[in-house]
**Student:** 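Once you've had a glance at the structure underneath, I'll fire off some questions.
Note on naming: letters A, B, ... go to the chains in the order of the sequence lines (proteins, then strands), and numbering restarts at 1 for each one. All figures in this text were calculated on a predicted structure; none of them were measured in a lab. Values below: all heavy atoms of this structure, side chains included; hydrogens, waters and symmetry mates excluded.
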Amino acid sequence: NQNVEVGQGNLKLLYSEEGMKMSRFLSTSNEVTAEQSYAYYIGSNGTDKDPQASGAYVFRPDGERPIKSEGEAQLTIVRGPLFDEVHQELNSWISQITRVYKGKDHAEIEFTVGPIPVDDDISKEVITKLTTTMKTNGTFYTDSNGRDFIKRVRDFRTDWDLQVYQPVAGNYYPINLGIYMQDKTSELSVLVDRAVGGSSLENGQIELMLHRRMRHDDIRGVGEVLNETVCLPDGCKGLTIKGKFYVQIDKPGEGAKWRRTFGQQIYSPLLLAFTEQEGDNWI
Amino acid sequence: TTDLLADALAIAQHHDAVSGTQRQHVAADYALRLSIGYLQAEKVVASSLSFLSAAKSSTEKKNPGTKFQQCPLLNISYCPASEARLSSGKSLVVVVYNSIGWKREEVVRVPVSSENVIVKDSSGKEVVSQLLPLSDITLRIRNEYVKAYLGKSPRDTAKHVLAFTASVPPLGFTTYVISDTGRTARGPSSSYVTSGST
């Protein structure tokens, strides 16, 4: 029941019983708060009447379940001169480290997801959501293979009349660089370090799909269930994935520079090479 | 080098290389080929850095050509080059290369086995660094994957991650030296654990 605040700059991370929130004051009267959560979509198994199952090619969710932390969630907070970071273990298969760097306005979230349990025979497609009170009117923006950010409107296409059969999958887009949304007072941008799926299915909300583990093949050509494993001497288990996404809150129109410059840096990481030297025999 | 570019292009042709729309044995084959490509690229980079660092020191003592190692598994905090306990009198040199055409100041992280380490820049001035604990889950994943893919347990167990800010010029590199002071200069950054139904 302890509330904890992390971050010494413009961006604050607030931890409470309700979970993690990011908060940024854009002016004295304009504070934007984004709440982070995890959930999974239940992959469709297909039915007699409608045999199409969710699989490697086909994303066909059959409901969504929130992922709440199991029992007493452990939170480790490390504060230092360069950055503060918070280690969170939501359950035995989801954990994350959130970092706030000194002098930077964004949060870095390093997620670790897996092995996704499938003992219950349910296909799971794990997502993380950022929820705000922004009034986005069904509009959000996603990159086009790393190039221009293109306007997306929920349940709408500019060049044909869209019949919505899949309200979730029909609004999902590939995210290679990032996704953002804005209203009259603020803009929330999310950049990724790998290709993921993403959408904004409710106003003021952004979600990313981080990992999937299926129980059925979608019969679209692979002929094998999407169920990646790692095999150790004592048996095989589901794949664990580890990646990062970055979140920044700006005034409207001010996030573009960050998305371009920081996005370039994400995809051109500093390269480290190591060697040894004798004492101060400087090479 | 020509093989490297041809192979990279060939691998990039099919979405199966990254999308999950492939059988497990195909995914494993792509992983193998990407790994082979990375090893080839690593050799090119190592020889380039060796050449550049030798050129830099040509006015001083002749450098016979330094061997550089990389750590492709830094994402799971596994880096034998930085984790190995430094033998007496030796320091670890980290070359940080920036492939972008503007100056960058970024925090880099390397796993280390000692907590008594300091970082100096190329002028010998100590730079601010931060020592962080490796979480239990990171250690578990790291040990599992190293065992699964390299067929061995990590020889040197890193207990900490050393972080410092690297300042790197456009399309260039900066060197930093990590040395073990041999004395307990400081502990890890202040940390505390809190439990609750958060």
**Student:** Side chain, backbone, both or neither: which part of Leu272(A) has a non-hydrogen atom closer than 4.5 Å to chain B?
**Tutor:** both

**Student:** Identify which part of Val108(B) has an atom lying under 4.5 Å from any heavy atom of chain A, answering side chain, backbone, both or neither.
**Tutor:** side chain

**Student:** So which part of Gln265(A) gets closer than 4.5 Å to some heavy atom of chain B, the side chain, the backbone, both or neither?
**Tutor:** both

**Student:** What are the two closest heavy atoms between Ala56(A) and Thr21(B), and how far apart are they?
**Tutor:** O-CG2, 3.8 Å

**Student:** Could Asp143(A) and Arg147(A) be called an ion pair, given the rule that one side-chain N must be under 4.0 Å from one carboxylate O?
**Tutor:** no

**Student:** Taking all atoms of both residues into account, what is the closest heavy-atom pair of Glu108(A) and Arg109(B), and its distance?
**Tutor:** OE2-NH2, 3.3 Å

**Student:** Salt bridge between Lys90(B) and Glu276(A), side-chain N to carboxylate O under 4.0 Å?
**Tutor:** yes

**Student:** Which atoms of Asn98(B) come close to chain A, meaning under 4.5 Å heavy atom to heavy atom: side chain ones, backbone ones, both, or neither?
**Tutor:** both

**Student:** With no hydrogens and no angle check, is any side-chain donor or acceptor of Thr138(B) less than 3.5 Å from a backbone partner on Leu134(B)?
**Tutor:** no

**Student:** Using non-hydrogen atoms and a 4.5 Å limit, figure out which bit of Val128(B) sits close to chain A: side chain, backbone, both or neither.
**Tutor:** both

**Student:** Mark yes or no for whether Arg60(A), through its side chain, and Gln52(A), through its backbone, hold a donor-acceptor pair below 3.5 Å.
**Tutor:** yes

**Student:** Need one label for Ile100(B): side chain, backbone, both or neither, based on atoms under 4.5 Å from any heavy atom in chain A.
**Tutor:** side chain

**Student:** Using non-hydrogen atoms only, which part of Val45(B) is less than 4.5 Å away from chain A: side chain, backbone, both, or neither?
**Tutor:** side chain

**Student:** Please flag which part of Lys237(A) lies under 4.5 Å from any non-hydrogen atom of chain B: side chain, backbone, both or neither.
**Tutor:** side chain

**Student:** Is a side-chain donor or acceptor of Arg142(B) paired with a backbone partner of Ser77(B) at a separation under 3.5 angstrom?
**Tutor:** yes

**Student:** Using heavy-atom distances under 4.5 Å, tell me whether Asn227(A) contacts chain B through its side chain, its backbone, both, or neither.
**Tutor:** backbone

**Student:** For Thr112(A), which atoms come within 4.5 Å of any heavy atom of chain B: side chain, backbone, both, or neither?
**Tutor:** side chain

**Student:** Does this structure show an ion pair linking Lys104(A) with Glu105(B), if we count only N-O contacts that are shorter than 4.0 Å?
**Tutor:** no

**Student:** Output yes when a side-chain donor or acceptor of Asp84(A) lies under 3.5 Å from a complementary backbone atom of Val100(A), and no otherwise.
**Tutor:** no

**Student:** Given heavy-atom pairs under 4.5 angstrom as the criterion, report whether the side chain, backbone, both or neither of Leu74(B) touches chain A.
**Tutor:** side chain

**Student:** Can you say whether Glu42(B) sits under 4.5 Å from chain A via the side chain, the backbone, both, or neither, judging by heavy atoms?
**Tutor:** neither

**Student:** Evaluate the side-chain proximity of Lys102(A) to Phe83(A): yes if any heavy-atom separation is below 4.5 Å, no if none is.
**Tutor:** no

**Student:** Can you check whether anything in residues 91-99 of chain A gets within less than 4.5 Å of chain B, heavy-atom wise, and list it by number?
**Tutor:** Ser92(A), Ser95(A), Arg99(A)

**Student:** What part of Ser99(B) is in contact with chain A, defined as an atom under 4.5 angstrom from a non-hydrogen atom: side chain, backbone, both or neither?
**Tutor:** side chain

**Student:** Considering only heavy atoms and a distance below 4.5 Å, find which of Thr240(A), Leu226(A), Leu82(A) pairs most often with chain B.
**Tutor:** Leu82(A)

**Student:** For the residue pair Ser114(B) and Asp180(B), confirm or rule out a side-chain donor-acceptor distance under 3.5 Å.
**Tutor:** yes

**Student:** Is the shortest side-chain N to carboxylate O distance from Glu115(B) to Lys159(B) below 4.0 Å?
**Tutor:** no

**Student:** Please name all residues satisfying salt bridge (charged side-chain N to carboxylate O under 4.0 Å, His left out) with Lys68(A), sequence neighbours left out, ordered by chain then number.
**Tutor:** none

